Amino acid sequence: MTGPVVIQLLAVFYEDWYVETHEEIPFNELLYFLPHLKTGGSAVLQTVPSGPSMQLQNYQRLVVSALLSAKKTATITTPYFIPDSQTMHAIETARIMDVDVNLVVPERADKAIVGGVARAYFTPLLNMGVNIYLYKGDILHAKTVTIDDRLAFLGTSNFDIRSFALDFEVDLIFYSESEVSHVLETQEMYIANSRILHRSDWEKRPAVEHVVYGITKLFSPLF
């Protein structure tokens with residue numbers, strides 16, 4: 001990447017480095033990035049840092065706002081899905097406004113408990129009319145959100161409470177149609193390699209899973 005976004009990323013790196021080491025980076029070392037600061041591309045993007053040291057939950061608030069502004073489609077891909085009440089309300093509002101909401105999560109989570117917590121939200125999501133896709137590949141680690149064909153989030157933030165409020169994360173927001181289309185193509189590839197979860201199949205799950213998922217949901221703020 002080149003242009004102003006490099007300055008934004010550099011500022012995030014500089015702050016994180018100082019927080020961890022209490023060392024200031026010599027200015028002559030920062031000069032290495034100067035060739036990358038030139039403006040030359042047509043893409044419009046923005047860096048969004050978030051973490052416990054910040055006054056607001058930047059990423060969470062932007063995603064909620066984006067979901068509420070969706071007109072046709074919103075697609076989320078994430079390895080860990082543990083939403084807070086605000087994001088669940090935003091998803092529900094999008095569905096009330098007849099927006100197609102797609103959620104792509106791993107069929108097999110790499111962390112069993114976290115996967116169980118995510119599945120505790122499947123029933124209310126299915127009741128809302130959200131399309132849940134279970135990715136059949138070995139691992140799904142993509143953390144993306146697209147809103148229609150005009151906005152895309154890509155970065156380190158999972159769609160979970162820990163990423164929203166507890167962890168230091170950094171994400172990019174793409175506002176240019178070309179870049180958004182690339183993210184959409186990747187999301188469509190994941191969907192093509194997934195199986196959709198039908199409500200009728202979900203309701204046939206063993207009774208013990210009802211209990212397990214209900215218990216794990218109680219601990220969702222810890223994950």
Side-chain angles (χ1 to χ4, degrees), residues 1 4-16 18-19 43-105 114 117-118 120-121 124-125 128-132 141-177 179-180 183-184 186-187 217 219-223:
M1 289 181 288
V5 71
V6 176
I7 301 176
Q8 297 172 4
L9 289 169
L10 191 58
V12 175
F13 172 77
Y14 186 92
E15 180 181 1
D16 289 350
Y18 185 80
V19 167
V44 179
L45 60 158
Q46 175 185 2
T47 303
V48 179
S50 56
S53 65
M54 299 189 177
Q55 185 176 3
L56 302 176
Q57 297 179 23
N58 299 338
Y59 178 76
Q60 182 261 15
R61 295 203 176 194
L62 286 169
V63 166
V64 166
S65 177
L67 287 168
L68 294 176
S69 72
K71 303 299 182 184
K72 296 180 180 179
T73 306
T75 300
I76 303 163
T77 68
T78 180
Y80 310 126
F81 182 81
I82 307 175
D84 56 13
S85 59
Q86 289 90 349
T87 50
M88 282 293 284
H89 290 157
I91 291 172
E92 183 176 25
T93 300
R95 285 298 304 131
I96 291 172
M97 300 302 293
D98 205 27
V99 174
D100 289 329
V101 179
N102 305 306
L103 172 65
V104 187
V105 293
V114 176
V117 175
Y121 293 91
L125 289 171
M128 294 176 194
V130 173
N131 301 314
I132 300 176
H141 207 258
K143 301 153 186 183
T144 66
V145 179
T146 55
I147 304 298
D148 301 324
D149 57 356
R150 58 184 175 82
L151 195 66
F153 294 80
L154 172 66
T156 68
S157 294
N158 294 300
F159 208 91
D160 65 4
I161 297 171
R162 177 170 290 276
S163 282
F164 292 158
L166 300 179
D167 291 341
F168 287 96
E169 309 282 5
V170 61
D171 295 88
L172 294 174
I173 307 178
F174 296 89
Y175 297 93
S176 300
E177 183 176 336
E179 283 68 35
V180 173
V183 180
L184 283 168
T186 304
Q187 290 180 329
K217 187 177 182 181
F219 298 94
S220 59
L222 301 178
F223 300 103

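None of the values given here were measured: they were computed from a predicted structure.
T144 contributes no side-chain N or O that, together with a main-chain N or O of L154, makes up a donor-acceptor pair within less than 3.5 Å. Panel note: side chain D84, backbone I161; no donor-acceptor pair is recorded below 3.5 Å. Checking side-chain atoms of D148 against main-chain N and O of K71 turns up a donor-acceptor pair under 3.5 Å. Listed for the N102 side chain is no donor-acceptor partner under 3.5 Å among the backbone atoms of N131.
Note: F81 and F159 have parallel aromatic rings, judged against thresholds of 30 and 60 degrees for the angle between ring planes.
Remark: the T156 side chain and the E169 side chain contain an N/O donor-acceptor pair separated by less than 3.5 Å.
Atom-to-atom distance recorded for D171:CG and K143:NZ is 9.0 Å, nearest 0.5 angstrom. Interatomic distance, L67 CG to T93 OG1, rounded to the nearest 0.5 Å: 9.0 Å. Distance check: I82 CD1 to F164 CZ gives 10.0 Å after rounding to the nearest 0.5 Å. A distance of 12.0 Å separates NZ of K72 from CG of D98, quoted to the nearest 0.5 Å.
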| Between T47 and L172, is a side chain to side chain contact (heavy atoms under 4.5 Å, CB included) present by the stated rule, with each step listed? | CA-CA 5 Å; T47 303; L172 294 174; 3.5 Å; yes

| message | With side chain to side chain contact (heavy atoms under 4.5 Å, CB included) as the criterion, how do M88 and L125 come out once you've worked through the C-alpha distance, each side chain's angles and the decisive distance to 0.1 Å? | response | CA-CA 8 Å; M88 282 293 284; L125 289 171; 4.0 Å; yes

| field | Full working for side chain to side chain contact (heavy atoms under 4.5 Å, CB included) between T78 and D160 | value | CA-CA 9 Å; T78 180; D160 65 4; over 6 Å; no

| task | Please test V48 against F153 for side chain to side chain contact (heavy atoms under 4.5 Å, CB included), starting from the C-alpha separation and ending with a verdict. | result | CA-CA 10 Å; V48 179; F153 294 80; 5.8 Å; no

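Of all the heavy atoms in P49 and N58, the pair that sits closest is O-ND2, 2.7 Å. Of all non-hydrogen atoms in L9 and V170, the two that sit nearest each other are CD2-CG2, 4.2 Å.
Around atom CD of E177, no more than 12 heavy atoms belonging to other residues, nucleotides or ligands sit under 6.0 Å away. The environment of CE in M54 is crowded: more than 12 heavy-atom neighbours from other residues, nucleotides or ligands sit within 6.0 Å.
Exactly one of E179, M1, Q8 qualifies for a side-chain contact (heavy atoms from CB on, under 4.5 Å) with L45. That residue is M1.
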